[in-house]
> 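Mind looking over this structure? Questions follow.
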2 protein chains.
Amino acid sequence: MSGDTTPALIDCPALGIGELARRAGCKPETVRYYERIGLLRDAPRTEGGQRRYGEAAVRRLTFIRHARDFGFSVEAVRELLEMADHPQMPCHEVDAIAKHHLEEVESRLQRLSALREELRRMVGQCAGGRVESCRIIEVLSDHQLCIGESAHGGAQGLG
Amino acid sequence: MSGDTTPALIDCPALGIGELARRAGCKPETVRYYERIGLLRDAPRTEGGQRRYGEAAVRRLTFIRHARDFGFSVEAVRELLEMADHPQMPCHEVDAIAKHHLEEVESRLQRLSALREELRRMVGQCAGGRVESCRIIEVLSDHQLCIGESAHGGAQGLG
DNA sequence: CATAAACCTTGTAGCGACTAGAGGTTCAAG
DNA sequence: CTTGAACCTCTAGTCGCTACAAGGTTTATG
C-alpha cells in the first residue's frame with residue numbers, strides 16, 4: 001500500500017493469519033483451530049484464498065487467549081462470546097451465564113489473592129537464607145489455601 | 001484400629017490411595033500418575049501390593065495439587081519439590097521462582113478483577129431488566145493488561 | 001521476472017496433564 | 001466364609017492445542 005491509501009481500501013482487512021496470531025500471542029494453527037471449532041468467524045479471503053483480518057478479530061482473539069490463559073475452558077469461552085455477540089439476548093440467559101462465571105472468577109480471585117500475599121511474604125523473607133527458611137513449601141501444603149471444594153478441582157480451572 | 005492404638009502400629013502408614021487422593025482433592029489415578037513421573041515417592045506396599053501412605057504424603061500431594069491449581073507446570077512443581085527435598089540449598093532459587101510467579105499472579109489478578117467487575121455489572125443490569133451492552137471482549141482484550149511475552153503463552157500458566 | 005516467505009487444505013500425530021476402562025486381585029466388614 | 005468396595009497394571013482416551021507431512025498456491029519485495 002506504501003502510504004497510498006485510497007478510500008475504497010480503508011475497509012479492507014489487512015492482517016494475514018500470521019500477523020493476527022502474532023498480535024494475540026498464539027500460532028496460526030491455533031487461529032485455524034479456533035475457526036474450525038467456531039470461536040472465530042470465517043475470515044474474508046483474498047482472491048488467492050488467504051484469510052485477512054481486521055482489528056475486531058484481533059480483539060476477539062486476544063480475548064480468547066486471555067480467557068484460556070485464565071483457565072476458562074473452550075466451552076466457557078464460547079458461552080462468553082455468545083453473550084457478547086448477542087447483546088439482545090434475553091436477560092435471564094445472560095444472568096445465568098454471567099452468574100455461573102462470576103462464581104468461578106470470584107473463587108479464582110480469592111485463591112490468587114491468597115497466593116499473591118504469600119508470594120510477597122516469601123519474597124520479602126528470602127534474604128540470602130536457605131530453603132528450610134522459606135515458607136513456600138509449607139504455604140503450598142497448607143490447607144488454609146483451600147477455599148471450598150472447588151479449590152480441589154485439579155488444574156481444570158474455569159468452565 | 002477402632003481407637004485401639006498400639007505403639008507398634010503408630011508408624012505404619014494407614015491410608016490407601018483412595019483416601020490420600022480424597023484428602024488432597026484428586027483422583028487415585030492422579031496419584032499413581034504422580035508416582036510414575038516422580039513427583040511422589042514410591043509408597044510402601046501391603047503384602048497384597050496395595051500402596052499405603054502417611055501424613056507426609058498427604059502434605060506433599062496437597063502441595064502438588066495447590067501448585068498445579070495455581071498454574072505451576074508439573075516441571076516447576078518438580079523443581080520446587082527438589083528444593084524442598086534439599087533444605088540446605090540456597091533459597092535464592094526459590095526466591096527467583098517466587099518473584100517470577102508473583103509477576104504472573106499480579107497480572108492475572110488485574111485481569112480477573114476487570115472481568116469480575118464486568119460480569120457483576122451485567123448481573124446488576126439484568127436485575128434492571130436489560131443488558132445495554134457487553135464489554136466482556138473489551139475487558140479481556142485490553143493489551144494494557146499484558147505483561148511481557150509470557151502473558152501470551154497460551155493456557156500454559158506458571159512454570 | 002525471481003524468489004523467499006507466507007499462505008492454503010487435509011490429515012495425522014505429538015505434547016502436557018490428567019482420566020477412564022479392561023480385566024484382574026486384595027481388603028475389610030458383616 | 002461372602003461380598004462389595006478398593007485396589008492393581010496397562011492401555012488408551014480427553015482436552016486443547018501444536019507441529020508436521022504432503023503437495024501445493026499466493027503474496028510482496030527486490
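Order of the sequence lines fixes the chain letters, A, B, ..., with proteins taken first and strands second; residue numbering starts at 1 for each chain.
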> Salt-bridged, B/Glu29 to B/Arg32, with N to O below 4.0 Å?
no
> In the structure I gave you, are the side-chain heavy atoms of A/Leu20 and A/Arg51 within less than 4.5 Å of one another anywhere?
no
> Provide, to the nearest angstrom, the distance between the CD atom belonging to A/Glu29 and the P atom belonging to C/dA13.
17 Å
> Which nucleotide sits closest to the side chain of B/Lys27: C/dT19, D/dG16, D/dT9?
C/dT19
> In this structure, how many angstroms lie between the C1' atom of D/dC17 and the CD atom of A/Glu75, rounded?
16 Å
> Establish, with yes or no, whether the OP1 or OP2 oxygen of C/dA17 is under 4.0 angstrom from a side-chain nitrogen or oxygen of B/Tyr34.
no
> Starting from C1' on D/dC17, measure out to CD on A/Glu35 and report it in whole angstrom.
16 Å
> Regarding A/Arg60 and A/Tyr53, is there a side-chain donor-to-acceptor distance under 3.5 Å anywhere?
no
> To the side chain of B/Ser73, which of C/dA20, D/dG16, C/dA17 is closest?
C/dA17
> What is the distance, rounded to the nearest whole Å, between atom CZ of A/Arg32 and atom C1' of C/dT9?
9 Å
> Please state how far atom CD in A/Glu19 lies from atom P in C/dA6, giving the value in whole angstrom units.
11 Å
> Taking DNA chain D as the partner, which of residues 40-48 of chain B come within under 4.0 angstrom of it by heavy atom?
B/Arg45
> Give the nucleotide from the list D/dC8, C/dC8, C/dA17 with an atom nearest to the side chain of B/Arg68.
C/dA17
> Counting just side-chain N and O atoms, does B/Tyr33 come under 4.0 Å of either OP1 or OP2 of C/dG16?
no
> If we only count heavy atoms from C-beta on, is the A/Tyr33 to A/Lys27 side-chain gap below 4.5 Å?
no
> Please report the interatomic distance CD1(A/Ile17) to CD(A/Gln50), rounded to the nearest 0.5 Å.
9.5 Å
> Whole Å only: how far is the CD1 atom of B/Ile37 from the P atom of C/dC18?
7 Å
> Within the pair B/Thr30 and C/dT19, is there a side-chain N or O less than 4.0 Å away from OP1 or OP2?
yes
> Distance check needed: C/dA6 P versus A/Tyr53 OH, whole Å only.
16 Å
> For the side chain of A/Gln50, starting at C-beta, report the closest nucleotide among C/dC18, D/dC17, D/dT27.
D/dT27
> At 4.0 Å (heavy atoms only), tell me whether B/Arg52 reaches a base, stays on the sugar-phosphate, or touches nothing.
sugar-phosphate
> Are B/Arg65 and C/dC18 close enough that a side-chain N or O sits under 4.0 Å from OP1 or OP2?
yes
> Hey, are the side chains of A/Met83 and A/Leu80 touching, using non-hydrogen atoms and a 4.5 Å cut-off?
yes
> Please report, rounded to the nearest Å, how far the P atom of C/dT25 is from the CZ atom of B/Arg51.
17 Å
> Test salt bridge (Lys or Arg N to Asp or Glu O under 4.0 Å) on B/Glu19 and B/Arg23; report intermediate values, then the result.
CA-CA 6 Å; B/Glu19 181 61 21; B/Arg23 291 197 184 185; 3.3 Å; yes
> Are a donor atom and an acceptor atom from the side chains of A/Glu79 and A/His100 found within less than 3.5 Å of each other?
no
> Select base, sugar-phosphate, or nothing to describe what A/Ile17 touches, counting heavy atoms under 4.0 Å on all strands.
sugar-phosphate
